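Position 1 is the first residue of the sequence, and the numbers go up from there. Values reported hereafter were calculated over all heavy atoms of this structure, with side chains retained and with hydrogens, waters and symmetry mates removed. What you are looking at is a predicted structure, and each value in this text was computed from that prediction instead of being measured.
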Amino acid sequence: MKSSSVSDYRDRIPLAVGTIIFTVFALSLGDALIKQSSSTFVIWQIFVIRSAIAIPFLVGYLVIRSPASLRPGDAVGWTILRSLLLVVMWISYYLSLPHLTLSVAAATYYTLPIFITLFTAAITQSTISKKGWLAVILGFAGVVLILRPDAWNFNGYALLPLLSAMLYAVAMILTRTKCRAEHPIKLSLALNCAFVAVGGVAAAVISMLSDEVRDGFLLAPWSAMTLPDFGIMAMLAASILIGSIGAAIAYQNGPSPMIGTFDFAYVGFSFIWGVLFFAETPDALSLTGIMMIIVAGIISLRQ
């Protein structure tokens, strides 16, 4: 029987576009719930419980549909490194949420295409086009408008989603160059296992600290949970499942530049959740910076 190749598959644009829009809708809503829960739960509790709910679904799918994927592959080391990079990425992004509006955090994170352009050029020693440099300059000008690095307006927490974008860019490059043959559900399973492992180790370390320092979204002890709290965790688990699987489906069934453009709907959804949940309204300079970053990202994707 003839083996399948990439050329055997045709793009399914409506499926890809619909999937990526639903994916960023779910992810942005999940991030809004995390921002809302940051005063109740410590970040490690969210990591462990959310992923503990998601893992059985991922394992069940692989057992039924692709049992061979449960075996360690040739890229096991790269898969672990990718997962750890993504865990640190989400830590950085989530830690920024209690201190930034959702739209500002989302827009700063979506400098991602710019870092992919820069890192790919550095790794492959290729030349960045004039359009690429325009995107880099425009994007970072937008970041400056958001950060406003002067003594009175500077918000250092806005650097965290910027760090997240850098880490995710590296993880995406690893995904394409080192983990391309891995099943996307297997990559999602590895990521959620990493969330549980890192969250469990962090919780154990925090438990040994003195009560004086055990406070805040990063260092507080775990909170007792009610039935509604488990409902929130189930919603967060659904969000991470949709996010990790939906993005793979979308990018497998449509051209990356096109899907990446619709990926920016995350920023719009984040703006909506910020207004509805937290009555957040970015000022004119921040809105200008957000639009500059979106335009820069689209230019980067389409060069």
With sequence neighbours excluded, what pairs up with [X] under the side-chain hydrogen bond (donor to acceptor under 3.5 Å, both in side chains) test?
X    : answer
Y168 : none
R12  : N253
Q45  : none
T40  : none

Non-hydrogen atoms of [X] and [Y] that approach each other most closely:
X    : Y    : answer
S210 : R214 : O-CG, 3.2 Å
G274 : L102 : N-CD1, 3.9 Å
G139 : I293 : O-CG1, 3.6 Å
S96  : A105 : OG-CB, 4.2 Å
V198 : I91  : CG1-CD1, 4.5 Å
I20  : A247 : CD1-CA, 4.4 Å

Connected via hydrophobic side-chain network under 4.5 Å: L187 and L85: no

Review item, side-chain donor-acceptor pairs of residues 46-62, under 3.5 Å, at least two apart:
residue: R50; atom: NH1; partner: Y94; partner atom: OH; Å: 2.9
residue: S51; atom: OG; partner: F47; partner atom: O; Å: 3.3
residue: S51; atom: OG; partner: N192; partner atom: OD1; Å: 2.9

In chain order, what residues pass the side-chain contact (heavy atoms from CB on, under 4.5 Å) check against [X], with sequence neighbours excluded?
X    : result
T226 : P228, D229
F119 : F115, M166, A169, V170, I173
T288 : L145, M292
L134 : I299

Donor-acceptor pairs under 3.5 Å, side chain of residues 235-242 to any protein atom, not counting sequence neighbours: which ones?
residue: S239; atom: OG; partner: A26; partner atom: O; Å: 3.0

Side chain to side chain, L29 and F269, heavy atoms closer than 4.5 Å: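 A side-chain contact under 4.5 Å is absent here.
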
Minimum side-chain heavy-atom gap I185-L189 below 4.5 Å: no

Once rounded to the nearest 0.5 Å, what's the spacing between atom [atom1] of [X] and atom [atom2] of [Y]?
X    : Y    : atom1 : atom2 : answer
M172 : L167 : CE    : CG    : 13.5 Å
L100 : T108 : CG    : OG1   : 7.0 Å
K186 : S66  : NZ    : OG    : 8.5 Å

Pairs satisfying side-chain hydrogen bond (donor to acceptor under 3.5 Å, both in side chains), at least one member in residues 71-92, at least two apart: R82-T175

Pairs meeting criterion ring pair (Phe, Tyr, Trp, His ring centres under 6.0 Å) with involvement of residues 274-298, two or more places apart: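 Every pair satisfying ring pair (Phe, Tyr, Trp, His ring centres under 6.0 Å) with a residue in residues 274-298: W273-F277.
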
Polar contact flag, side-chain donor to acceptor under 3.5 angstrom, D283-S286: yes

